[in-house]
Amino acid sequence: MTKRMLLGWLVGLVLAGAAWGQAANDGVITINGGRNTMLMRAPSEPFVPAARPSSNLVEIYSNLGKGTKVYNAISGYGILGPDAGQPWPQSVGCGFRPKADHTVTEIQVGATWVQGTNSLVVSLNENNKGIPGKALHTWHFSNLPVFGHCCTLQTAKYAKGIPVKKGKLYWVVLSPQQQFKNTYGVWNNNFAGTQGTFSNNIGSGWDSSYQVLGAFGVFGK
């Protein structure tokens, strides 16, 4: 193969890869097979103020920002069904440790939608040797805002509450609904870039690490 042929082949491969990685929304690109999603332009207008948690609740954990910086509108983790057009499906868990005993009654997450069925599952999970374990409670969200918009939050409420213990690791997990295999959603990164215990599952089991967390807050009594 001549140098010219090799160069042409490489350029073609790069362009094909870029086209394949381009999601349906203008300016959206995928990285690492959809594990990460970015918007290569400014966030979309209009800005929508985030709903605040119920006023009678205490903050158990939160990395949510304020104003136009509630979450990172242009970067996050793909929440992917097996037919979302990416090499692997993906669910994502972000860990937190309460500083005191509490009862969780409300969770907020910065989650958006790229293409496919506009629906996601949010759960609060116990820890299982450093990875997300059994779901303690599960919620379903639909009609998420389009990726690139800020700052609508998805708010999960459970009046009965879920007891959590001081210093113990718990997980907030976002997953596609099983019956909707074409979902491509995004768990937007927190705006400040706060890092913590992170885990993702691309169909072969949970794999934990320490990196930037998705935007979320846990509230209760």
Side-chain angles (χ1 to χ4, degrees), residues 14-52 61-81 84-96 107-122 141-156 172-176 182-202 209-217:
V14 169
L15 291 175
W20 178 83
Q22 182 80 23
N25 291 39
D26 180 42
V28 177
I29 64 168
T30 61
I31 303 171
N32 297 328
R35 298 183 194 183
N36 303 90
T37 303
M38 297 185 67
L39 184 68
M40 303 304 290
R41 57 176 173 80
S44 303
E45 299 289 346
F47 161 73
V48 178
R52 305 308 302 170
Y61 172 86
S62 180
N63 60 31
L64 299 172
K66 296 180 180 180
T68 59
K69 301 177 180 179
V70 173
Y71 55 76
N72 188 333
I74 62 172
S75 178
Y77 298 106
I79 308 300
L80 309 169
Q86 303 302 319
W88 308 278
Q90 178 166 249
S91 298
V92 171
C94 292
F96 69 98
I107 296 174
Q108 292 188 313
V109 297
T112 51
W113 170 80
V114 175
Q115 63 187 24
T117 303
N118 189 338
S119 178
L120 290 177
V121 177
V122 177
F141 292 128
S142 58
N143 298 319
L144 282 70
V146 174
F147 178 61
H149 288 76
C150 193
C151 293
T152 301
L153 292 171
Q154 306 306 306
T155 301
V172 173
V173 175
L174 266 65
S175 307
N182 65 346
T183 293
Y184 186 159
V186 176
W187 191 348
N188 293 71
N189 292 337
N190 74 86
F191 192 89
T194 301
Q195 296 187 341
T197 306
F198 172 94
S199 195
N200 73 315
N201 186 341
I202 60 170
S209 57
Y210 190 87
Q211 56 185 286
V212 174
L213 298 175
F216 74 104

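One is the number of the first residue; the rest follow in order along the sequence.
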Exercise: identify the closest heavy-atom pair between [X] and [Y]:
{"X": "T112", "Y": "F147", "result": "OG1-CD1, 3.4 Å"}
{"X": "A215", "Y": "Y71", "result": "CB-CB, 3.5 Å"}
{"X": "T152", "Y": "P145", "result": "CB-CG, 4.0 Å"}
{"X": "P176", "Y": "S91", "result": "CD-OG, 3.7 Å"}
{"X": "V114", "Y": "V28", "result": "CG1-CG1, 4.3 Å"}
{"X": "C94", "Y": "G214", "result": "SG-N, 3.3 Å"}

Check your understanding: Do T37 and Y184 have side-chain N/O donor and acceptor atoms under 3.5 Å apart?
Key ->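 Yes, side-chain donor-acceptor contact under 3.5 Å.
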Point to revise | N182 versus T117, side-chain donor and acceptor atoms under 3.5 Å | key: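 The answer is yes; a qualifying pair exists.
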Could you tell me whether a side-chain N or O of [X] sits under 3.5 Å from a main-chain N or O of [Y], the two making a donor and an acceptor?
{"X": "N188", "Y": "N72", "value": "yes"}
{"X": "N63", "Y": "F216", "value": "yes"}
{"X": "W113", "Y": "Q115", "value": "yes"}

Any residue meeting side-chain contact (heavy atoms from CB on, under 4.5 Å) with [X], in chain and number order, not counting sequence neighbours:
{"X": "A111", "result": "V109, L120, L144, Q154, L174"}
{"X": "S62", "result": "E59, L64, F219"}
{"X": "I202", "result": "R35, W88, Q90, N200, S204"}

Review point. Is there a side-chain contact between N118 and S142, using heavy atoms and a 4.5 Å cut-off?
Key: no
Within this structure, what is the [atom1]-[atom2] distance for the pair [X] and [Y], rounded to the nearest 0.5 Å?
{"X": "S209", "Y": "Q195", "atom1": "OG", "atom2": "CD", "answer": "9.5 Å"}
{"X": "I74", "Y": "N189", "atom1": "CD1", "atom2": "CG", "answer": "10.0 Å"}
{"X": "S75", "Y": "F191", "atom1": "OG", "atom2": "CZ", "answer": "11.0 Å"}
{"X": "L213", "Y": "F96", "atom1": "CG", "atom2": "CZ", "answer": "11.5 Å"}

Results of side-chain hydrogen bond (donor to acceptor under 3.5 Å, both in side chains) for [X] - residues two or more places apart only:
{"X": "T183", "answer": "none"}
{"X": "N36", "answer": "N32"}
{"X": "S119", "answer": "Q177"}
{"X": "T155", "answer": "Q108"}

Check your understanding: Excluding sequence neighbours, so at least two apart, what forms ring pair (Phe, Tyr, Trp, His ring centres under 6.0 Å) with F198?
Key -> Y77
